[in-house]
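Model, not experiment: these values are computed from the prediction. For the single chain, residues carry numbers from 1 onward in sequence order. What's counted below: heavy atoms across the whole structure, side chains too, no hydrogens, waters or symmetry copies.
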Amino acid sequence: MHAVGISRHAGTPAVRTAVVWDVLSAVLAERVAATGRGRLDIVDAGGGTGGFAVPLADLGHAVTVVDPSPDSLAALERRAAEAGVEVRALQGDAADLGELLPSGGADLVLCHSVLEYVEDPIGAVTAMAGLLREGGVISVLAANPLAAALHRASSGRFDEARRALDDPEGRWGDRDPTPRRFTREALERLLTVTGFAPGEVHGVRIFADLVPSRLLDGEPGAARALVDLEQAAAVHPVLRDIATQLHVLGHR
């Protein structure tokens, strides 16, 4: 599929990102048709080293990455240079978006693996909403507490698995490096209260984190088959909700 091709072209793990690229490819096509502009304005909040930003720029879109880490932004600039594309890099936090970028200037905002770490998720998404033009879209990717419980249990840490289920933030203990996780319902509520209409939720990395890499490396066609399985399971009403990450679009 086209989305998987994008992911591989950028050198990212296709199996882990294929479902997200499927959704983004459809969003890009829809926004290009709706706006009549082949070059969309995209902001990647917390975009780090450019795993999404660089391939989006390679498609011809104007991409700005805002990230608090100067090291990540330096790596982003190297990756963009190697790919022969331009990506604007700005240092800042989610709370700074309104000061760094003009309001109403973006067609798409990426918020991938960000809400787990910001102090104020509602404030962060509200700031991102302010960047979007009418009809714009936010792409949210966040860690799922149900998956955390499954993964802790599979490694024999049953008490930690129980804590992940019971904790309001989806944390399995004091040593958990992730400050918070989001269920499907929590993500939908977050988008609704910040002025978005939530779209369909997709599960990301349902099986990919459970399959040993040696199986993918040693079996011809295994990676392609796993991508097909991930794509088929992404909207399954049970499997989706136990994915490592949940992906949802919010429409302005």
Side-chain angles (χ1 to χ4, degrees), residues 1-14 16-69 72-92 94 96-98 100-115 124-125 127-141 191 196-197 199-200 202 204 245 247-252:
M1 295 181 69
H2 179 54
V4 177
I6 295 173
S7 179
R8 285 175 179 160
H9 178 74
T12 57
R16 293 162 65 89
T17 60
V19 169
V20 179
W21 278 116
D22 280 349
V23 176
L24 290 182
S25 294
V27 169
L28 295 172
E30 185 275 328
R31 295 312 303 153
V32 166
T35 63
R37 292 182 284 108
R39 181 178 173 84
L40 300 176
D41 296 305
I42 301 173
V43 175
D44 190 348
T49 61
F52 283 92
V54 169
L56 287 168
D58 194 38
L59 291 175
H61 301 297
V63 184
T64 298
V65 171
V66 180
D67 195 277
S69 169
S72 293
L73 293 177
L76 161 69
E77 291 174 340
R78 290 193 297 270
R79 176 181 278 184
E82 290 171 1
V85 300
E86 291 187 10
V87 176
R88 185 184 181 196
L90 297 176
Q91 186 175 354
D96 304 324
L97 288 171
L100 293 171
L101 296 167
S103 61
D107 300 290
L108 171 66
V109 173
L110 305 187
C111 176
H112 293 174
S113 302
V114 169
L115 298 180
V125 177
M128 295 175 201
L131 302 179
L132 287 166
R133 298 184 173 105
E134 184 177 353
V137 178
I138 186 172
S139 169
V140 176
L141 182 67
L191 287 174
F196 288 97
E200 187 171 33
H202 292 80
V204 178
Q245 294 173 300
H247 182 237
V248 61
L249 301 177
H251 302 268
R252 287 288 279 168

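- The side-chain heavy atoms of Leu24 and Phe52, taken from C-beta on, include a pair separated by under 4.5 Å.
- Taking all atoms of both residues into account, the shortest heavy-atom contact from Trp21 to Pro55 is CZ2-CG, 3.5 Å.
- In terms of heavy-atom proximity, Gly136 sits nearest to Arg31 at N-NH2, 4.3 Å.
- Listed by chain and number, the residues in a side chain to side chain contact (heavy atoms under 4.5 Å, CB included) with Glu30 are Ala34 (sequence neighbours excluded).
- In this structure, the side chains of His251 and Leu249 come closer than 4.5 Å at one or more pairs of heavy atoms.
- The ring pair (Phe, Tyr, Trp, His ring centres under 6.0 Å) search around His61 returns none, not counting sequence neighbours.
- Counting all heavy atoms, side chain and backbone alike, Leu131 lies closest to Pro102 at CD2-O, 3.8 Å.
- Residues Arg79 and Gly50 come closest through the heavy atom pair NH1-C, 3.2 Å.
- Under the rule for a ring pair (Phe, Tyr, Trp, His ring centres under 6.0 Å), the partners of His247 that lie at least two apart in sequence or sit in another chain are His112.
- Residues passing the side-chain hydrogen bond (donor to acceptor under 3.5 Å, both in side chains) test with Thr35, sequence neighbours excluded: none.
- The two residues Leu115 and Ala124 have their closest heavy-atom pair at CD2-CB, 4.4 Å.
- Within the 4.5 Å cutoff, no side-chain heavy atoms of His202 are placed close to those of Val248.
- In this view, Gln91 and Pro70, Leu73 satisfy the side chain to side chain contact (heavy atoms under 4.5 Å, CB included) rule, not counting sequence neighbours.
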- Go through the steps for Leu28 and Leu56 under the test side-chain contact (heavy atoms from CB on, under 4.5 Å), then give the verdict. CA-CA 10 Å; Leu28 295 172; Leu56 287 168; 3.7 Å; yes

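- The side chain to side chain contact (heavy atoms under 4.5 Å, CB included) search around Ala57 returns Val63, Val85, Val87, not counting sequence neighbours.
- Taking the side-chain hydrogen bond (donor to acceptor under 3.5 Å, both in side chains) definition, one finds that Ser69 meets it with Ser72, sequence neighbours left out.
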Check residues 36-46 and write down every donor-acceptor pair under 3.5 Å in which the side-chain atom is one partner and the other belongs to a residue at least two apart or another chain.
unit_1: Arg37; atom_1: NH1; unit_2: Arg39; atom_2: O; d: 3.3
unit_1: Arg37; atom_1: NH1; unit_2: Asp107; atom_2: OD2; d: 3.2
unit_1: Arg37; atom_1: NH2; unit_2: Asp107; atom_2: OD1; d: 2.6
unit_1: Arg37; atom_1: NH2; unit_2: Asp107; atom_2: OD2; d: 3.2
unit_1: Arg39; atom_1: NH1; unit_2: Gly60; atom_2: O; d: 3.0
unit_1: Asp41; atom_1: OD2; unit_2: Arg133; atom_2: NH1; d: 3.1
unit_1: Asp41; atom_1: OD2; unit_2: Arg133; atom_2: NH2; d: 3.0

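- Summarising the geometry, atom OG belonging to Ser113 is positioned 5.0 Å from atom CG belonging to Leu141; distances are rounded to the nearest 0.5 Å.
- Every side chain to side chain contact (heavy atoms under 4.5 Å, CB included) that Leu90 has, sequence neighbours left out, goes to Thr64, Val66, Arg88, Leu100, Leu101.
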